[in-house]
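Following: one structure in structure tokens, then a few remarks.
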Amino acid sequence: ASISLAPSPPSPPLPPLPPLPPLPPLIAGATSTVPRPVQVDSAPTLPEVLRQFDDWRLGLGLTGMTTESEVRNFAFGTDGPWDLRYFLHGECTRKGLAKAPYFDKWCNLKELFSDFYQVKPCNVEAMLTLQGMQFEGRLHSGIDDTRNIARIAARMREDGCTIYVS
């Protein structure tokens with residue numbers, strides 16, 4: 001059942017967000033939660049995935065920096081700190097990999113959603129339901145979770161929410 005959300009007073013409409021190009025196939029394929037043995041054996045290593053992500057990010061002009069002439073800054077949208085703060089950090093530490101500073105910057109949409117709509121913190125599926133949408137794809141599939149989190153953020157933005165780094 002959907003409940004009526006009470007967003008903040010309306011603000012002027014924002015321009016639509018431009019679509020992003022798709023992630024490289026190896027990155028998109030590396031986000032399955034329940035990999036099959038063949039996927040694991042043929043999956044790229046963490047250093048390869050981080051390199052691919054950097055190539056993709058830089059191809060979009062996302063430097064993680066703000067210059068005086070234009071903003072090329074970015075942050076990840078998450079439904080909590082776990083993936084970036086704990087899992088990626090721990091894996092990079094375990095493997096002796098340097099973690100780029102931009103991985104320490106995210107928008108915790110779970111907290112933001114709760115504050116903006118004045119509801120208790122909830123999971124991705126519940127946030128979508130509260131916004132009148134349904135989960136698309138497989139639950140707990142990294143790429144599907146990511147796409148659904150992006151849909152939540154876009155709807156929050158449409159509703160007038162200012163999305164900021166947590």
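For the numbers below, each heavy atom of this structure counts, side chains included, while hydrogens, waters and symmetry mates do not. Only a predicted model underlies this, so the values are computations on that prediction, with no experimental measurement involved.
How far OG of Ser141 is from CZ of Arg147: 8.0 Å, rounded to the nearest 0.5 Å. Here the straight-line distance linking atom CZ of Phe116 with atom OG1 of Thr162 works out to 8.0 Å at 0.5 Å rounding. Taking CG from Asp55 and CZ from Arg51, the interatomic distance works out to 8.5 Å, rounded to the nearest 0.5 Å.
Other residues, nucleotides and ligands contribute at most 12 non-hydrogen atoms within 6.0 Å of the NZ atom of Lys120.
Using a 4.5 Å cut-off on side-chain heavy atoms (C-beta onward), Tyr117 and Met127 make no contact. Using a 4.5 Å heavy-atom threshold, the side chains of Asn108 and Pro81 count as touching. Taking the side chain as every heavy atom from C-beta outward, Leu84 and Asp104 never approach each other to under 4.5 Å. The side-chain heavy atoms of Ile152 and Val124, taken from C-beta on, include a pair separated by under 4.5 Å.
For Glu48 (side chain) and Thr45 (main-chain N/O), a donor-acceptor pair under 3.5 Å exists by modelled atom type. The backbone N or O of Ile163 sits nowhere less than 3.5 Å from a side-chain atom of Arg157 that would complete a donor-acceptor pair. Counting only distance, with no hydrogens or angles, the side chain of Asp79 and the backbone of Lys110 share no donor-acceptor pair below 3.5 Å. Judged by distance alone, the side chain of Arg151 and the main-chain N or O of Gln134 form a donor-acceptor pair under 3.5 Å.
Cluster annotation: Phe113 is not connected to Val165 through the hydrophobic network of ILVMFWY side chains, with a link wherever side-chain heavy atoms come within less than 4.5 Å. Hydrophobic clustering of Ile, Leu, Val, Met, Phe, Trp and Tyr side chains at less than 4.5 Å, counting indirect connections, keeps Leu50 apart from Tyr86. The hydrophobic cluster containing Leu97 does not contain Phe87, counting ILVMFWY residues as joined when their side-chain heavy atoms lie under 4.5 angstrom apart, directly or transitively. When hydrophobic clusters are built by joining Ile, Leu, Val, Met, Phe, Trp and Tyr residues whose side-chain heavy atoms come closer than 4.5 Å, directly or via intermediates, Trp82 is not grouped with Leu88.
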Using the salt bridge (Lys or Arg N to Asp or Glu O under 4.0 Å) rule, take Asp145 and Arg138 through it: C-alpha gap first, then chi angles, then the decisive distance, then the call. CA-CA 8 Å; Asp145 286 349; Arg138 279 188 0 244; over 6 Å; no

Side chain to side chain contact (heavy atoms under 4.5 Å, CB included) for Trp106 and Arg85? Distances and angles first, verdict last. CA-CA 9 Å; Trp106 61 84; Arg85 180 183 289 161; 3.6 Å; yes

Could you walk me through whether Cys92 and Leu46 pass side chain to side chain contact (heavy atoms under 4.5 Å, CB included), step by step? CA-CA 8 Å; Cys92 286; Leu46 182 57; 4.2 Å; yes

Run Asp144 and Leu139 through side chain to side chain contact (heavy atoms under 4.5 Å, CB included) and show every step you take. CA-CA 7 Å; Asp144 292 337; Leu139 279 172; over 6 Å; no

From CA spacing to verdict: side chain to side chain contact (heavy atoms under 4.5 Å, CB included), Arg155, Leu128: CA-CA 9 Å; Arg155 176 65 58 84; Leu128 288 163; over 6 Å; no

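Arg57 meets the salt bridge (Lys or Arg N to Asp or Glu O under 4.0 Å) test with Asp54; sequence neighbours excluded.
Two rings, from Phe53 and Phe76, have their centers less than 6.0 Å apart.
Of all heavy-atom pairs between Cys161 and Leu112, the closest is SG-CG, 4.0 Å.
Between the side chains of Glu111 and Ser114, not a single donor N or O lies within less than 3.5 Å of an accepting N or O.
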